[in-house]
Protein chains: 2
Amino acid sequence: MTQMTRKQREMEQRTREILRVARPILVGEGFQALSMERLASQMEYAKGTIYNHFPHKEEIVLALAVEAMELRRALFERAARIDGPTRVRLMAIGYACEFFTQSCTDDFLVEQWIRNNNIWDKSSEQRQNLIRQCEGCCMQIVSSVVRQAIENRDLVIPEAISPQEFVFGFWAINYGSQILTHSSPSLMSVGVLNPVQAIRVHCLTLLNGFQWAPMMSWQEYESTMAQIGPALESDFHTICADRNKMIDRNSDRNMVSQ
Amino acid sequence: MTQMTRKQREMEQRTREILRVARPILVGEGFQALSMERLASQMEYAKGTIYNHFPHKEEIVLALAVEAMELRRALFERAARIDGPTRVRLMAIGYACEFFTQSCTDDFLVEQWIRNNNIWDKSSEQRQNLIRQCEGCCMQIVSSVVRQAIENRDLVIPEAISPQEFVFGFWAINYGSQILTHSSPSLMSVGVLNPVQAIRVHCLTLLNGFQWAPMMSWQEYESTMAQIGPALESDFHTICADRNKMIDRNSDRNMVSQ
DNA sequence: GTCAATTTTTGACTCCGCGTCAAAAAAGTC
DNA sequence: GACTTTTTTGACGCGGAGTCAAAAATTGAC
């Protein structure tokens with residue numbers, strides 16, 4: 001049994017190793033460049049061995065996306081627990097989005113690939129479910145802040161939408177802006193010089209527009225964001241570091257030291 | 001010279017024909033499925049002939065995207081000319097976005113592909129410029145409505161952002177929601193049942209939040225949108241039809257009739 | 001420590017698509 | 001009709017996907 005688990009451990013270990021090698025290829029050179037042969041040769045295994053872990057490269061992409069989304073979820077969880085009124089907690093999640101995109105850019109980019117239908121459709125239902133579930137968790141985290149705000153009477157949302165649809169708006173504006181920022185051929189040349197700040201202004205306007213208490217001026221909003229940063233940053237870095245330790249376990253052949 | 005132009009016409013004609021065949025493959029089965037061999041055999045030409053028109057499939061994708069974005073621009077142009085206060089004109093552009101996504105879904109999906117870096121980087125600078133330019137036009141159309149609103153004193157935008165950055169917020173929320181709607185693995189199951197309406201509520205809140213006159217209730221907003229629909233729809237259909245005539249020109253060997 | 005059974009790894013193989021290019025076919029010219 | 005130019009063709013070389021039988025390694029019974 002210990003033997004069994006050792007084997008399993010080794011297997012899992014190598015699975016992680018494959019992902020570790022695959023990630024920068026996918027992010028830096030795209031799906032095309034991510035070939036099983038290349039992974040194999042780069043890791044000094046034969047192609048067949050890689051196929052023992054993943055039935056095709058699409059599955060590798062989804063596996064990478066699961067890691068990425070779990071990191072996002074962990075950041076959201078932490079952000080939602082910040083001290084303060086519900087509105088500040090929502091803003092903290094917004095801050096987490098910014099952080100994720102800017103400090104975990106590779107993961108942000110990996111996440112994009114699941115929107116590719118070819119990749120999505122080809123991969124296993126099991127991993128699809130992991131992703132759906134993770135997306136569900138993220139929604140859950142945010143919408144429970146909204147629900148609490150409603151309970152507290154910090155916020156009244158329009159009848160026309162549900163709390164989740166309320167969240168969807170913020171999801172869309174953040175997500176949209178980040179995708180555009182990372183891939184729009186001409187944002188700068190079109191006159192959008194500071195997309196992050198622009199989106200903050202829009203989020204502020206939305207929150208005020210919905211009258212989510214406490215109402216804020218731009219100055220207040222920015223200074224609140226400026227407090228959120230330091231409050232979360234160190235935890236965020238810990239979360240990232242833990243995740244990376246989990247993922248990178250490449251040198252520790254788990255007893256040998258020295 | 002007539003000969004020359006006839007040749008050119010035929011060439012161009014076939015280029016369009018290739019795109020016509022390629023579009024449904026790209027949209028329905030993805031980039032992988034779009035192969036030069038397949039195009040060739042489907043059109044009953046040899047592979048080399050296709051290569052005379054496009055140096056690789058990436059270029060085909062960009063060519064399709066140019067067509068798509070030109071349609072979008074035409075819709076925006078028409079929408080921006082609607083009769084009414086500046087705010088209604090912006091809402092009309094929002095309506096155009098909805099229309100484009102829902103009624104020109106293939107073009108909407110084609111547009112997405114240019115965000116793929118592999119495809120973007122591989123294609124010719126010339127076509128990249130066409131796309132950048134078209135994106136610039138769209139931004140231009142929207143931001144000139146904003147600028148006019150400012151001039152008219154219908155709107156005062158925050159100092160922190162430029163008119164383009166103001167537009168960027170709306171771009172992001174629309175774009176983001178549409179991408180999520182088309183590709184999020186779990187929108188419905190996560191509780192977002194009516195994404196279009198949700199985004200309308202957010203846009204209303206944004207416009208009111210910025211105090212873009214005339215301020216509206218949800219009822220007024222919806223009834224305004226309900227008027228915009230019929231006002232534009234027939235022109236929109238004309239625009240689409242013209243575009244398709246332009247693009248489909250597959251049966252008219254331009255003098256032979258009967 | 002040996003050996004047969006089991007598990008894992010390997011890489012040769014087939015298939016398919018990309019992109020090239022010399023040769024064949026067609027169109028144009030006089 | 002003969003010669004030139006343009007266009008089309010498809011065989012070819014390359015490289016990656018995914019398979020699978022054979023080789024290697026591991027296991028555990030004795």
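Since we're looking at a predicted model, the values are computed, not measured. Reckoned from all heavy atoms, side chains included, excluding hydrogens, waters and symmetry mates.
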Quick one: B:H56 NE2 to C:dC18 C1', roughly how many Å, whole number?
12 Å
Are any of the side-chain heavy atoms of B:N116 and A:F31 separated by less than 4.5 Å?
no
Return the minimal non-hydrogen interatomic distance between B:N118 and B:E58, and the atom names on each side.
O-CG, 4.4 Å
Side chain to side chain, A:E233 and A:H237, heavy atoms closer than 4.5 Å:
yes
What I'd like to find out is whether the side chain of A:W171 reaches to under 4.5 Å of the side chain of A:V142, using heavy atoms alone.
no
With the side chain of B:E37 defined as its heavy atoms from C-beta on, choose the nearest nucleotide among D:dG18, D:dG16, C:dG17.
C:dG17
Measure CD1/B:I50 against P/C:dC21 and give the value in whole Å, please.
19 Å
Anything under 3.5 Å between a protein N or O and an N or O of nucleotides 23-25 of chain D, put it in a table, one pair a line.
none

What contact category does B:L39 fall into here, base, sugar-phosphate, or nothing, at under 4.0 angstrom with non-hydrogen atoms?
nothing
What is the ring orientation for A:H182 with A:F108, classed by angle as parallel under 30°, tilted 30 to 60°, or perpendicular over 60°?
tilted
Using the six-membered ring wherever Trp is involved, compare the ring planes of B:F236 and B:Y95 and label them parallel, tilted or perpendicular (cut-offs 30° and 60°).
parallel
Here the distance between atom C1' of D:dG18 and atom CZ of A:R38, to the nearest Å, is 19 Å
Tell me: CZ of B:R9 to C1' of D:dT7, nearest whole Å?
18 Å
OP1 or OP2 of C:dG19 sitting under 4.0 Å from any side-chain N/O of B:K122?
yes
Whole angstroms only, please: what is the CD-P distance between B:E10 and D:dT7?
10 Å
Spacing between B:Q32 atom CD and D:dA17 atom P, to the nearest angstrom
9 Å
Whole-Å gap separating C1' (D:dG15) and CE (A:M36)
16 Å
Please tabulate the protein-to-nucleotide N/O contacts below 3.5 Å involving nucleotides 24-26 of chain C, giving atom names and distances.
none

Strictly below 4.0 Å: does B:S35 bring a side-chain N or O up to OP1 or OP2 of C:dC16?
no
Validation row: B:Q13, B:R16 side chains within 4.5 angstrom (heavy atoms)
yes
Would you list the protein and nucleotides 7-11 of chain C atom pairs, both N or O, that sit under 3.5 Å from each other?
residue : atom : partner : partner atom : Å
C:dT9   : OP1  : A:R14   : NH1          : 2.9
C:dT9   : OP1  : A:R14   : NH2          : 2.7
C:dT9   : OP2  : A:R14   : NH2          : 3.3
C:dT9   : OP2  : A:N52   : ND2          : 3.4
C:dT10  : OP2  : A:A46   : N            : 3.1
C:dT10  : OP2  : A:T49   : OG1          : 2.7

